[in-house]
Amino acid sequence: NNSMFVIKSFSIPKNNTLAMAFSSGVFILPDRINHFQFTSIHFKQGVNFFSNRAYSVFHDSKQNLWFSNVNGLSELSQGMLYSYYGDQALLTKRINDIQELSDGTIVLATDGYGVAFFRNKKVVRLITQKDGLASNICKKVFVKGNYLWIVTNSGINRIALNDKKYAIESFEYTNALLADDVNGLYIDNQYAYFATNNGMVYFSYHEGDSPHEAPKVLITSIVNNKKKLELNSAIHTLAPAHNNIAFTYS
């Protein structure tokens, strides 16, 4: 009927259904292949519709549906609904994205509390700014091999999962365009892609460990009060008011 709906998140399982998170709840479209229509009369509360404002939906490797709403984290498995926020305060907070590690651990990007790792019906680990995250407001997560990529509201982080210490790398200064809001990401075997408010940003990354030696820095320009300074000069004497200095480097 040409009505418009704001979709916060969607997940495509192996069968013909489609799960979507709306501001009005989580809907499971019965048949996206042969009957791709959204009609409210097809939905039943507790079966293929779960009321309350929803934020994220995700199908795990066993095709269980995980979703987050204003109440917290829930799982729909073989027709049974399990709500995990009853006795775990962290799981009542807003969860912006959900993914799964190779061992079945569910990764939760929380809105203000960092990245939570959920396994065996409980939070087994929490990574926050104290551990090296750019921000506790996490918007998107992406699992690639032994790495977990995190989009926060203050930059990009990559976490090495094959280390008990979970070494955290920072990418927020890799490209100036990543200073803009990043809305989504995709990681392939060579490149990391980010959807920003000003377009797509991508760069090549290294799969292995980070280098142990600092790279040589080459200064490419020095700008003082919007005026470029000569790079060949050994000394620049600046007036007290000329205190806005920017360095670009490679």
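All values below come from the heavy atoms of this structure, side chains included, with hydrogens, waters and symmetry mates left out.
- Between the side chain of R32 and the backbone N or O of I12 there is no donor-acceptor pair closer than 3.5 Å.
- Linking Ile, Leu, Val, Met, Phe, Trp and Tyr whenever their side-chain heavy atoms come within less than 4.5 Å leaves F50 and M20 in two separate clusters.
- Between the side chains of T248 and S221, at least one donor-acceptor pair of N or O atoms lies under 3.5 Å.
- A side-chain donor-acceptor contact under 3.5 Å links N224 to the backbone of N244.
- Using a 4.5 Å heavy-atom threshold, the side chains of E169 and Y205 count as separate.
- Counting only distance, with no hydrogens or angles, the side chain of K139 and the backbone of V182 share a donor-acceptor pair below 3.5 Å.
- Taking the side chain as every heavy atom from C-beta outward, Y166 and L161 approach each other to under 4.5 Å.
- For the pair L238/N243, no side-chain contact is recorded, criterion being any heavy-atom separation below 4.5 Å from C-beta on.
- Between V141 and F58, every side-chain heavy-atom pair lies at or beyond the 4.5 Å cut-off.
- Across all non-hydrogen atoms, the minimal contact from I150 to C138 is CG2-SG, 4.0 Å.
- There is no side-chain donor-acceptor pair under 3.5 Å between N183 and K140.
- Ring centroid separation for the pair F194 and F203 comes in under the 6.0 Å cut-off.
- The two residues V123 and F118 come nearest to each other via the heavy atoms N-CD1, 3.8 Å.
- Between Y84 and Y82, the ring planes lie parallel to each other; the angle is under 30°, not in the 30° to 60° tilted range.
- Partner F49 forms a ring pair (Phe, Tyr, Trp, His ring centres under 6.0 Å) with one of F27, F22, F43, F67 and no other, that one being F27.
- Looking only at side-chain heavy atoms (C-beta outward), L65 and V57 come within less than 4.5 Å of each other.
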